[in-house]
Amino acid sequence: MSQLLRVQNFTVSSDGFGAGEGQSLEKPFGHADPGNMFAWAIATDHPPINRSEPGGSRGLDDYFTRDYARNIGAEIMGRNKFGPQRGPWQDQEWQGWWGDEPPFHTPVFVMTHHKRPSFTLSDTTFHFVDGDPAAVLAQAKEAAQGQDVRLGGGATIIRQFLEADLVDTLHVAVLPPKLGSGARLWESPDELLDRFHQDVVPSQSGVTHHLFWRK
């Protein structure tokens, strides 16, 4: 079976924004509140990041968060997901939002025009690569050793890979509130229906899960 490029558990507002404006070290999602955006995932029994309290919901949302690491051998992310710095790296001592135990547990390829040396935290190695989506995906697939590659975002990077027609499956969780501005994934999910099949599944948590797979 061929390796897939998968978008998983990517969360957007009802007007299609995956993050707000004004990203900073203190505000990774700009004016968007990450506690509100990711409450649906953190409340599950298998949250994609560790939390201090045990237990959680075991319903539909947990079905999707449980799938987060399944058969994933590498991740691709944009530089803005890795951190708030722009331009040439001014502080290479800072190593991402996640501390000493990043939640990826695979090689991670950070797309940037400003390279820096790779480094490893726990079982995650970050590589900083400058290339077009197809070239970066080829590197990630090789590192994944036959497993799938997760496209972690943000919205701008996902759009680039969609425009290059490289994405095989997407799971997007849509929240009821609007953000109004920021990094936008889409104006409407209908934009993808020329290339993808779609299922839409509402959850009791209030989010609506949109599932896409190639036609």
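Predicted model only: the values in this text are computed from it and were never measured.
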Note: Val108 and Met77 closest approach over all heavy atoms is CG1-CE, 3.6 Å
Test log, rule side-chain contact (heavy atoms from CB on, under 4.5 Å), inputs His114 and Gln85: CA-CA 11 Å; His114 301 276; Gln85 299 183 56; over 6 Å; no
Practice item. Kindly work out whether a path of hydrophobic side-chain contacts (I/L/V/M/F/W/Y, heavy atoms less than 4.5 Å apart) joins Leu170 to Ile76. Key: yes
What verdict does the side-chain contact (heavy atoms from CB on, under 4.5 Å) test give for Arg214 and Asp165, after you've listed the backbone C-alpha separation in whole Å, the side-chain angles of each residue and the deciding distance to 0.1 Å? CA-CA 10 Å; Arg214 274 185 182 276; Asp165 198 27; 3.2 Å; yes
- Query: Under a single-linkage definition using a 4.5 Å side-chain heavy-atom cutoff for Ile, Leu, Val, Met, Phe, Trp and Tyr, are Leu185 and Val207 assigned to the same hydrophobic cluster?
  - Reply: no
The residue among Phe126, Trp94, Trp89 that forms ring-ring contact (aromatic ring centres under 6.0 Å, His included) with Phe119 is Phe126
Side-chain donor-acceptor contact under 3.5 Å, Thr11 with Trp40:
yes
Whether over 12 other heavy atoms sit under 6.0 Å from Gln92 CD: yes
Notebook entry, point to check: With side chains defined as the heavy atoms from C-beta onward, is the minimum distance between Phe196 and Leu162 less than 4.5 Å?
Noted result: yes
Task: Short N-O contact, Asp91 and Arg116, less than 4.0 angstrom - done: no
Which of Phe128, Phe109, Trp97 passes ring-ring contact (aromatic ring centres under 6.0 Å, His included) with Phe82? Answer is Phe128
Here the gap from Thr169 atom OG1 to Leu5 atom CG, rounded to the nearest 0.5 Å, amounts to 7.5 Å
- Task: Might you confirm whether atom CD of Gln145 has over 12 heavy atoms from other residues, nucleotides or ligands at distances under 6.0 Å?
- Result: no
- Taking atom types as modelled, is there a side-chain donor on Gln23 or Arg86 under 3.5 Å from an acceptor on the other? yes
Donor-acceptor contact below 3.5 Å, side chain His171 vs main chain Asn9: yes
Check: Could Arg150 and Phe104 be counted as a cation-pi pair, given that NZ or CZ must be under 6.0 Å from the ring centre and within 45° of the axis?
Finding: no
Sub-4.5 Å side-chain heavy-atom contact between Gln204 and Leu60:
no
| Single-linkage hydrophobic cluster, 4.5 Å side-chain cutoff, Phe64 and Tyr68 together | no
Rounded to the nearest 0.5 Å, the CG atom of Asp190 sits from the CD atom of Gln198 at a distance of 6.5 Å
Heavy atoms of Pro177 and Ser13 approach each other most closely as O-CB, 3.3 Å
Tightest non-hydrogen contact, residues Gly73 and Thr106, listed as O-CB, 3.6 Å
Return yes if some donor-acceptor pair links the side-chain N/O of Asp15 with the main-chain N/O of Leu179 below 3.5 Å, else return no. yes
Discussion item. Do Asp61 and Ser203 pair up side chain to side chain, a donor and an acceptor below 3.5 Å, judged on atom types alone?
Written reply: yes
When every non-hydrogen atom of Leu121 is compared with those of Gly99, the smallest separation belongs to CD1-O, 3.5 Å
Of Arg6, Lys81, Gln8, the one forming a side-chain hydrogen bond (donor to acceptor under 3.5 Å, both in side chains) with Glu75 is Lys81
Under 4.5 Å between side-chain heavy atoms, counting indirect links through other Ile/Leu/Val/Met/Phe/Trp/Tyr residues: same cluster for Val129 and Ile157 or not? yes
Minimum side-chain heavy-atom gap Trp186-Val174 below 4.5 Å
yes
Exercise. Looking only at atom types and distance, does a side-chain atom of Thr44 sit under 3.5 Å from a main-chain N or O of Ser57, one as donor and one as acceptor?
Worked result: no
| query | Quick one: do the Ser118 and His127 side chains pair a donor with an acceptor below 3.5 Å? | reply | yes
query: Same cluster or not: are Phe212 and Leu151 linked, directly or through other Ile, Leu, Val, Met, Phe, Trp or Tyr residues, by side-chain heavy atoms under 4.5 angstrom apart?
result: yes
Pairwise side-chain contact, Pro48 with Thr65, heavy-atom cut-off 4.5 Å (strictly under)
yes
Rounded to the nearest 0.5 Å, the CD atom of Glu101 sits from the OG1 atom of Thr124 at a distance of 8.5 Å
Query raised in the report: Is it true that Asp45 and Arg58 have a side-chain N and a carboxylate O under 4.0 angstrom from each other?
Result: yes
Note to self: Has Asp62 got a side-chain atom pairing as donor or acceptor with His46's backbone, closer than 3.5 angstrom?
What the structure shows: yes
So CD of Gln147 and CG of Leu4: to nearest 0.5 Å the spacing works out to 11.5 Å
For Glu163 and Arg195 the tightest heavy-atom approach is N-NH1, 4.5 Å
All heavy atoms of Asp168 vs all of Gln3, minimum pair found to be OD2-O, 4.1 Å
CZ of Arg70 to CD1 of Ile72, rounded to nearest 0.5 Å, is 7.5 Å
Separation between CZ (Phe38) and CG (Leu175), nearest 0.5 Å, reads 8.5 Å
Any chance CG of Asp100 has more than 12 other-residue heavy atoms, nucleotides or ligands included, within less than 6.0 Å?
no
Practice task
Taking the side chain as every heavy atom from C-beta outward, state whether Pro102 and Gln95 have any pair of such atoms under 4.5 Å apart.
Solution key: no
Fill in: From CA spacing to verdict: side-chain contact (heavy atoms from CB on, under 4.5 Å), Met111, Phe161
CA-CA 12 Å; Met111 295 182 67; Phe161 279 80; 3.5 Å; yes
- Task: For the pair Thr120 (side chain) and Thr125 (backbone), establish whether a donor and an acceptor sit closer than 3.5 Å, ignoring hydrogens and angles.
- Result: no
- Query: Is Glu142 atom CD crowded by more than 12 heavy atoms from other residues, nucleotides or ligands, each under 6.0 Å away?
  - Reply: no
